[in-house]
Amino acid sequence: IAAYCSIVFLVHAYMMIAIEYGRPNWHFLPRLKTGLNVFLGFLVISLIFDRGFIAGYVPNGFSVTKIPGDSYWIFQTYLLAGLTFSISLLVAGKKNLPDNVQRQRCLVLLLSTIPAASVAALVVVLQAMGIEATSTLFQSLGFTAMLGMMVYAEENSRLFKLLTFIPFT
């Protein structure tokens, strides 16, 4: 259950980062953020306490996979909608933001998160089609590619100033 809760938190964080860097000019943005936070709480509580989302677990040889419950489609929809929303905000930010540094940040975030987002979306689609697929093997490669691209961009252009949070690194 902890793994699925962390997936929900990751998708939520990705949406918040995309909103921050994509800078959409929407008058309802504060209400949207509040709604996303409330829905995050609903999903986490539901994943922990409601067996309608994840009915159980079964070993699959090298890992453990879930037995989907009747409400598992809500989790899948949240994942796919969150990834699509975030990617489209970053694409719009790359196209529409006036400042070159802001556009570069959107581009770096977009390019670095595409591998991990693609693996997640592919696994959800394959599972929806009835094919036994887990992201255990491939998601680590997606996150490694993301971190490598982010560190490379940080070292070359200081777009994010990631290392200023940890002194003497």
Side-chain angles (χ1 to χ4, degrees), residues 2-44 46-47 72-129 133-169:
Y4 287 92
C5 288
S6 68
I7 291 169
V8 170
F9 279 112
L10 281 172
V11 171
H12 182 77
Y14 188 40
M15 287 190 286
M16 292 298 135
I17 289 170
I19 288 171
E20 178 68 27
Y21 286 110
R23 298 183 188 263
N25 191 13
W26 299 332
H27 68 282
F28 58 89
L29 196 56
R31 285 180 286 164
L32 176 66
K33 286 182 178 180
T34 302
L36 289 172
N37 289 336
V38 169
F39 195 68
L40 169 71
F42 163 75
L43 277 177
V44 170
S46 296
L47 282 168
Y72 187 71
W73 64 271
I74 297 171
F75 173 80
Q76 291 176 313
T77 304
Y78 177 77
L79 184 92
L80 292 176
L83 294 176
T84 304
F85 175 71
S86 300
I87 289 171
S88 46
L89 276 180
L90 292 173
V91 168
K94 169 65 177 118
K95 288 182 177 181
N96 301 330
L97 287 173
D99 185 33
N100 188 38
V101 173
Q102 292 174 341
R103 287 193 310 270
Q104 286 179 348
R105 285 180 182 152
C106 284
L107 180 64
V108 168
L109 277 172
L110 182 66
L111 292 178
S112 65
T113 56
I114 287 285
S118 299
V119 168
L122 180 66
V123 168
V124 168
V125 169
L126 289 174
Q127 287 179 350
M129 293 171 40
T134 65
S135 63
T136 305
L137 297 174
F138 300 110
Q139 199 59 275
S140 60
L141 296 174
F143 282 130
T144 301
M146 177 185 74
L147 290 172
M149 287 184 228
M150 292 293 287
V151 168
Y152 179 77
E154 174 67 17
E155 288 297 318
N156 286 332
S157 61
R158 299 283 185 224
L159 283 176
F160 300 99
K161 298 181 180 40
L162 297 173
L163 300 180
T164 58
F165 298 112
I166 305 170
F168 308 112
T169 55

*From Gln139 atom CD to Thr144 atom OG1, the distance as rounded to the nearest 0.5 Å*: 10.0 Å
_Working for side-chain contact (heavy atoms from CB on, under 4.5 Å), residues Val101 and Arg105_ = CA-CA 6 Å; Val101 173; Arg105 285 180 182 152; 3.9 Å; yes
*So do Arg23 and Leu97 actually touch side chain to side chain, heavy atoms under 4.5 Å?*
yes
*Do Leu43 and Ile74 touch side chain to side chain, with heavy atoms closer than 4.5 Å?*
yes
*Search all heavy atoms of Arg103 against all heavy atoms of Lys94 and return the closest pair with its distance.*
CD-O, 3.1 Å
*Can you check ring pair (Phe, Tyr, Trp, His ring centres under 6.0 Å) on Phe42 and Phe39, steps first, answer last?*
CA-CA 5 Å; Phe42 163 75; Phe39 195 68; 5.5 Å; yes
*Taking the side chain as every heavy atom from C-beta outward, state whether Ile114 and Ile87 have any pair of such atoms under 4.5 Å apart.*
yes
*Under a 4.5 Å cut-off applied to non-hydrogen side-chain atoms, are Ile17 and Tyr21 in contact?*
yes
*Check the pair Gln76 / Leu79 against side-chain contact (heavy atoms from CB on, under 4.5 Å), numbers first and verdict last.*
CA-CA 5 Å; Gln76 291 176 313; Leu79 184 92; 5.8 Å; no
*Heavy-atom check, side chain of Met150 versus side chain of Leu109, under 4.5 Å*: yes
*How about Phe75 and Tyr72: are their ring centres within less than 6.0 Å of each other?*
yes
_So, taking the atom named OG1 in Thr84 and the one named CG in Leu89, what distance separates them when rounded to the nearest 0.5 Å?_
11.0 Å
*Hey, what do you get for CZ (Arg31) to NZ (Lys33), rounding to the nearest 0.5 Å?*
13.5 Å
*Between CE on residue Met16 and OG on residue Ser86, distance to nearest 0.5 Å*: 8.5 Å
*Rounded to the nearest 0.5 Å, what separation is found between the CG atom of Leu90 and the CG atom of Leu111?*
10.0 Å
*Can you find a pair of side-chain heavy atoms, one from Leu83 and one from Val124, that are under 4.5 Å apart?*
no
*Please walk me through it: do Phe9 and Val44 pass side-chain contact (heavy atoms from CB on, under 4.5 Å)?*
CA-CA 8 Å; Phe9 279 112; Val44 170; 3.8 Å; yes
*Can you tell if the side chain of Phe143 reaches within under 4.5 Å of the side chain of Thr113, non-hydrogen atoms only?*
no
*Please test Tyr78 against Met15 for side-chain contact (heavy atoms from CB on, under 4.5 Å), starting from the C-alpha separation and ending with a verdict.*
CA-CA 11 Å; Tyr78 177 77; Met15 287 190 286; 3.3 Å; yes
*Can any side-chain N or O of Ser88 pair as donor or acceptor with the backbone N or O of Phe85 at less than 3.5 Å?*
yes
*asked:* Could you report the tightest heavy-atom contact between Gly82 and Val11, atom names first, then the distance?
replied: CA-CG1, 3.9 Å
*How long is the span from the CG atom in Asn96 to the CG atom in Asn25, to the nearest 0.5 Å?*
10.5 Å
*Under 4.5 Å between any side-chain heavy atoms of Val8 and His12, yes or no?*
no
